[in-house]
Protein chains: 2
Amino acid sequence: MANVKVEQDVVIDRLMSVFQSVGYDGASLSELATATGLQKASLYHRFPGGKQAMANAVLDHVAGLIDNQLANVLQSSAPAPVRLSSALTIIRQIYDGGRLACVLRALSHGTATGLFREPIAGIFRTWVAAFDHLARDFGFDTRTAQRLAESTLIRVQGSLILAQTLQNPGIFDQVLLDIETDFRSQQ
Amino acid sequence: MANVKVEQDVVIDRLMSVFQSVGYDGASLSELATATGLQKASLYHRFPGGKQAMANAVLDHVAGLIDNQLANVLQSSAPAPVRLSSALTIIRQIYDGGRLACVLRALSHGTATGLFREPIAGIFRTWVAAFDHLARDFGFDTRTAQRLAESTLIRVQGSLILAQTLQNPGIFDQVLLDIETDFRSQQ
DNA sequence: GTCTATAGCTAGATAGAC
DNA sequence: GTCTATCTAGCTATAGAC
């Protein structure tokens, strides 16, 4: 069965889903093959570097998402409060309202720890820089803007952990509201 | 070599270190054996349930730590600000100033996801309840106290992720200072 | 560029001597 | 209660036909 060409974008999307839900060590080649609808050997044809290359492709994809969606929105010409709301909507969608784990965190542990730290750090820095830009537009001073920007990522990551462990997505929603409040407190 | 009795407390402590640094799926029986100074068969003698039982023993140990150290300190008879400072000092020590990952998060992913969610959730609830108690003593209203308490855990977990990925423990330190400031803002 | 088949290895777990 | 030795299953990765 199968034997029909699967678009690379679709393959990467499905690889991401698997890493997201079971982590790097937890993702077996068999599971990755099933999820993509390809055989293991076909996956190796597309990703000669094996599982590590697959994870790197996923990270490239995520870096593009953050760059093209989040960072783009935050640096558009719209009024700052509008940009903030748009960004939070994107974040809400990315994590399905707190129900999905962050694939960056999933690729931060176990055997994967050292392998992907730098690309993940790059994505984190992009995120923080984008919110830092926004915070300054809101009128915060340099130091406060930096801290508020870091705080958005800290609270999103932390609230995802609690939301999933306590099976209460509301925790994630509340944090997004808190973030919005913090930015608007400057106006 | 070896063949000398290793205290169970020491064994559990070393198991914890391994899970903490490489996660559940990343921790092989060989590595757990090496770390504890026991052979695999000896580990199975002490933990007939295998790796899963070892992780559960670690979680029991952590639950005890949180109960006997953190929760105890937060509900002592000392003045609220003193209790807060003591608690934050304990947290700083537990995570070695942001350099150590949280073993609870390490046991939240991959194959382990479903296995340990409930015990971890229990530890999270104990943490939040203890800080909630403190926040009320500081004079916060019920709703604000609950949110501030959740926020301590959210920010500690989130800042650990950033501190380790960006290799900047200062992020963790700063968050602990922020938490202290938030509590004292009520005075 | 996909497939079937399999190599080579390490995983988690157990048997049984001492 | 520890050890050595070993089992089976699953892993990552590759060979080679089509």
Side-chain angles (χ1 to χ4, degrees), chain A residues 1-59 106-107 109-116, chain B residues 1-59 103 106-116:
Chain A
M1 64 159 164
N3 211 4
V4 295
K5 165 95 181 191
V6 184
E7 291 298 333
Q8 187 76 341
D9 289 4
V10 175
V11 169
I12 290 177
D13 223 64
R14 295 184 182 168
L15 293 176
M16 179 167 71
S17 290
V18 176
F19 286 130
Q20 194 169 49
S21 57
V22 303
Y24 186 76
D25 290 318
S28 71
L29 267 291
S30 304
E31 188 172 357
L32 293 168
T34 302
T36 54
L38 292 171
Q39 294 297 327
K40 285 185 279 182
S42 302
L43 275 178
Y44 275 92
H45 177 78
R46 297 196 184 206
F47 305 96
K51 196 160 89 163
Q52 187 173 340
M54 298 177 210
N56 271 316
V58 167
L59 287 174
L107 292 175
H109 288 286
T111 310
T113 311
L115 295 179
F116 311 116
Chain B
M1 64 160 165
N3 212 4
V4 295
K5 165 96 182 192
V6 185
E7 292 298 332
Q8 186 76 343
D9 288 4
V10 175
V11 169
I12 290 177
D13 224 62
R14 295 183 182 170
L15 293 176
M16 180 168 70
S17 290
V18 177
F19 285 130
Q20 195 169 46
S21 58
V22 302
Y24 185 75
D25 290 317
S28 70
L29 267 290
S30 303
E31 187 171 0
L32 293 167
T34 303
T36 54
L38 293 171
Q39 294 298 326
K40 285 187 278 182
S42 302
L43 276 177
Y44 275 91
H45 177 78
R46 297 196 185 206
F47 305 96
K51 196 161 89 162
Q52 187 172 340
M54 298 177 211
N56 272 314
V58 167
L59 287 174
V103 68
L107 292 175
S108 296
H109 288 286
T111 309
T113 310
L115 294 177
F116 311 116

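Labels below follow one simple rule: chain letters A, B, ... track the order of the sequence lines, proteins then strands, and each chain is numbered from 1.
Classified by interplanar angle (parallel below 30°, tilted 30° to 60°, perpendicular above 60°), the ring pair B:Y24/B:F19 is parallel.
Candidate nucleotides D:dC3, D:dG1, C:dT2 were compared by shortest atom distance to the side chain of B:H45, and D:dG1 ranks first.
A side-chain contact (heavy atoms from CB on, under 4.5 Å) with A:M54 is found for exactly one of A:L59, A:L29, A:T36, namely A:L29.
Remark: B:S42 is in phosphate contact with D:dC3, judged by side-chain N or O atoms under 4.0 Å from OP1 or OP2.
Atom NZ of residue B:K40 and atom CG of residue B:L32 lie 10.5 Å apart, to the nearest 0.5 angstrom. Put simply, OG1 on A:T111 and CD on A:Q52 are 10.5 Å apart, with the number rounded to the nearest 0.5 Å.
Rounded to 10 degrees, the angle between the two end axes of the helix from C:dG1-D:dC18 to C:dC18-D:dG1 is 0°, with five pairs used at each end.
Smallest separation of non-hydrogen atoms from B:D25 and B:G110: OD2-CA, 3.2 Å. Of all the heavy atoms in A:E31 and A:G26, the pair that sits closest is OE1-O, 3.9 Å.
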Please enumerate all protein N or O atoms sitting under 3.5 Å from an N or O of nucleotides 12-16 of chain D, with distances to 0.1 Å.
{"from": "D:dT12", "atom 1": "OP1", "to": "A:A27", "atom 2": "O", "distance (Å)": "3.3"}
{"from": "D:dT12", "atom 1": "OP1", "to": "A:K51", "atom 2": "NZ", "distance (Å)": "3.1"}
{"from": "D:dT12", "atom 1": "OP2", "to": "A:L29", "atom 2": "N", "distance (Å)": "2.5"}
{"from": "D:dA13", "atom 1": "OP2", "to": "A:Y44", "atom 2": "OH", "distance (Å)": "2.7"}
{"from": "D:dA13", "atom 1": "OP2", "to": "A:K51", "atom 2": "N", "distance (Å)": "3.4"}
{"from": "D:dA13", "atom 1": "O5'", "to": "A:Y44", "atom 2": "OH", "distance (Å)": "3.1"}
{"from": "D:dA13", "atom 1": "N6", "to": "A:K40", "atom 2": "NZ", "distance (Å)": "3.4"}

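The interatomic distance linking A:Q39 (CD) with C:dT6 (C1') rounds to 14 Å, in whole Å.
Residues meeting the side chain to side chain donor-acceptor pair (under 3.5 Å) test with B:S30, sequence neighbours left out: none.
Between A:V22 and B:H109 there is no side-chain heavy-atom pair separated by less than 4.5 Å.
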